[in-house]
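Reviewing the structure listed below.
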Number of protein chains: 2
Amino acid sequence: MKIDPQQKKIKAQVRELFTAYLEKNKQRKTPERYAILDEIYSHKEHFDVDSLFVKMKSRNYQVSRATVYNTLDLLVEAELVKKHQFGQNTSHYEQAYGYRQHDHLICNRCKEVLEFCDPRVQQISNTMGSLLKFQIGHHSLHLYGDPLLTEKGECQHCNKNLYP
Amino acid sequence: MKIDPQQKKIKAQVRELFTAYLEKNKQRKTPERYAILDEIYSHKEHFDVDSLFVKMKSRNYQVSRATVYNTLDLLVEAELVKKHQFGQNTSHYEQAYGYRQHDHLICNRCKEVLEFCDPRVQQISNTMGSLLKFQIGHHSLHLYGDPLLTEKGECQHCNKNLYP
DNA sequence: CTCGGTGCAAAGCTTTTGCATCCGC
DNA sequence: GCGGATGCAAAAGCTTTGCACCGAG
């Protein structure tokens with residue numbers, strides 16, 4: 001894996017933000033917590049708890065599942081990680097820092113997750129917040145659909161033949 | 001419970017639609033399936049699998065959990081029921097017929113689910129579908145937020161005192 | 001030193017599966 | 001009567017919990 005200087009910078013910023021969060025909330029700064037944060041910000045992709053657990057294990061770092069769950073909760077609370085539920089019963093997570101606001105489109109065929117941006121989502125959130133008298137903290141917009149195939153029956157995204 | 005003539009009419013229509021779906025897909029018309037559909041359309045509220053199972057049991061109708069799960073899948077497929085995942089690990093369901101398109105706002109405090117309508121959601125769905133070359137089948141937009149409290153600290157929805 | 005965090009394994013919940021029986025077609 | 005659907009219970013996931021030990025403050 002290449003070392004992206006931009007990613008390295010983000011990692012450092014995120015560590016600082018996490019430290020600030022931990023201090024503010026009088027939580028301990030354990031090496032496990034930082035190791036998990038670091039691992040998460042080493043890959044751009046979405047992930048689930050188990051794949052993160054396996055990644056930690058396959059590196060030199062030994063953590064328990066319980067700690068992974070605990071730390072993810074903390075990171076969500078600190079707004080450094082976002083939690084999603086895409087149709088399945090497993091939760092998916094993604095980085096929340098250094099990345100512009102976006103939503104997700106999930107392919108019904110291959111379950112791949114694409115990202116997109118639309119400012120109207122924020123507008124809706126604002127409108128409904130004031131209309132219903134809520135302070136909206138976050139939202140999730142998921143679109144589910146089938147890819148339009150080429151005349152050969154190939155998916156225009158994963159390039160796999162998905163006919164029919 | 002009052003018998004709402006409008007609701008009764010909807011029930012009849014839904015039964016017909018379900019019959020059409022079952023015939024089209026060469027599935028059997030079992031009494032259990034109709035009983036479950038009927039139970040779902042007897043209450044307007046959202047529900048989860050277990051509460052539906054309990055409701056069926058507490059009536060005269062005995063069904064197994066497996067059948068509830070199977071039938072819900074069918075009903076989702078037939079577009080008579082919508083499935084949602086609100087933050088928790090339990091799936092929630094709601095009627096999909098005789099009800100205008102709407103999305104959900106979930107209260108962070110009491111977990112109550114409010115509904116709202118905004119045509120811009122459909123517009124976003126259309127825009128992103130053609131932009132990313134997908135045929136969007138359905139979507140889910142969930143807003144999560146805290147209710148604005150009155151000066152006495154009461155929630156303006158459930159009227160409970162939620163201070164602080 | 002103290003008390004919160006961690007690791008491990010067991011328990012808890014929701015959902016799925018296997019198999020015998022039942023019943024719609 | 002055949003083959004799919006159901007019921008029951010067991011199994012399979014994912015997540016949470018209990019408890020002993022460890023280590024950050």
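Letters A, B, ... are given to chains in the order of the sequence lines, protein chains preceding strands, and every chain is numbered from 1.
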Relative to each other, are the rings of A:Tyr21 and A:Phe18 parallel, tilted or perpendicular (30° and 60° limits)?
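Taking A:Phe18 first and then A:Tyr21, their aromatic rings lie parallel (interplane angle under 30°).
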If the condition is ring pair (Phe, Tyr, Trp, His ring centres under 6.0 Å), which residues does B:His138 pass it with, not counting sequence neighbours?
A:Tyr144
Taking only residues two or more places apart in sequence or in another chain, which ones pass ring pair (Phe, Tyr, Trp, His ring centres under 6.0 Å) with A:Phe47?
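Scan of A:Phe47 (ring pair (Phe, Tyr, Trp, His ring centres under 6.0 Å), adjacent residues dropped) gives A:Tyr93.
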Sub-4.5 Å side-chain heavy-atom contact between B:Arg33 and B:Leu22
yes
Do A:Ser140 and A:His104 have side-chain heavy atoms sitting under 4.5 Å apart?
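The answer is no, as the side chains (C-beta and beyond) never meet within the 4.5 Å cut-off.
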Nucleotide [N], atom [atom2] - distance to [atom1] of [X] in whole Å:
| X | N | atom1 | atom2 | result |
| --- | --- | --- | --- | --- |
| A:Phe18 | C:dG5 | CZ | P | 11 Å |
| B:Tyr34 | D:dT6 | OH | P | 12 Å |
| B:Leu72 | D:dA5 | CG | P | 16 Å |
| A:Met56 | C:dT6 | CE | P | 11 Å |
| A:Leu74 | C:dT6 | CG | P | 8 Å |
| B:Lys26 | D:dA5 | NZ | C1' | 18 Å |

What about A:Val76 and B:Ile106, same hydrophobic cluster or not, with Ile/Leu/Val/Met/Phe/Trp/Tyr joined at side-chain heavy-atom distances under 4.5 Å?
no
Linked, directly or transitively: B:Val68 and B:Val14 (ILVMFWY side chains, under 4.5 Å):
yes
With sequence neighbours left out, write down each residue that passes side chain to side chain donor-acceptor pair (under 3.5 Å) with B:Asn70, or none if nothing qualifies.
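B:Asn70 satisfies side chain to side chain donor-acceptor pair (under 3.5 Å) with no residue once adjacent residues are dropped.
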For B:Gln122, all residues meeting side chain to side chain donor-acceptor pair (under 3.5 Å), sequence neighbours excluded
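B:Gln122: side chain to side chain donor-acceptor pair (under 3.5 Å) contacts with B:Asn126.
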Would you mind writing out the side-chain donor-acceptor pairs for residues 80-90 of chain B within the sub-3.5 Å range, not counting sequence neighbours?
| from | atom 1 | to | atom 2 | distance (Å) |
| --- | --- | --- | --- | --- |
| B:His84 | NE2 | B:Glu94 | OE2 | 2.9 |
| B:Gln85 | OE1 | B:Ser91 | OG | 3.1 |

Contact pattern, 5' to 3', of nucleotides 20-25 of chain D - B, S or - by protein heavy atom under 4.0 Å
---BBS
Could you give all pairs that pass the ring-ring contact (aromatic ring centres under 6.0 Å, His included) test and reach residues 53-76 of chain B, with sequence neighbours left out?
none
What does the list of N/O pairs under 3.5 Å between the protein and nucleotides 7-10 of chain C look like, with a distance for each?
| from | atom 1 | to | atom 2 | distance (Å) |
| --- | --- | --- | --- | --- |
| C:dG7 | OP1 | A:Gln62 | O | 3.0 |
| C:dG7 | OP2 | A:Ser64 | N | 2.9 |
| C:dG7 | OP2 | A:Ser64 | OG | 3.2 |
| C:dG7 | OP2 | A:Thr67 | OG1 | 2.5 |

Any protein N or O atoms within reach of nucleotides 10-14 of chain D? Criterion: under 3.5 Å, listing atom names and distances.
none

Rounding to 10 degrees, work out the angle separating the end axes of the helix from C:dC1-D:dG25 to C:dC25-D:dG1 (five pairs an end).
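Comparing the first five pairs with the last five, the axes sit 40° apart.
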It should be established whether A:Arg33 places a side-chain nitrogen or oxygen under 4.0 Å from OP1 or OP2 of nucleotide C:dT6.
yes
Other hydrophobic cluster members with A:Leu105, side-chain heavy atoms of Ile/Leu/Val/Met/Phe/Trp/Tyr under 4.5 Å, chained?
A:Leu114, A:Phe116, A:Val121, A:Ile124, A:Met128, A:Leu131, A:Leu132, A:Phe134, A:Ile136, A:Leu141, A:Leu143, B:Leu105, B:Leu114, B:Phe116, B:Val121, B:Ile124, B:Met128, B:Leu131, B:Leu132, B:Phe134, B:Ile136, B:Leu141, B:Leu143
Any chance you could pull the hydrophobic cluster mates of A:Val54, using side-chain heavy atoms under 4.5 angstrom and chaining through other members?
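The other cluster members (ILVMFWY side chains, heavy atoms under 4.5 Å, direct or chained): none.
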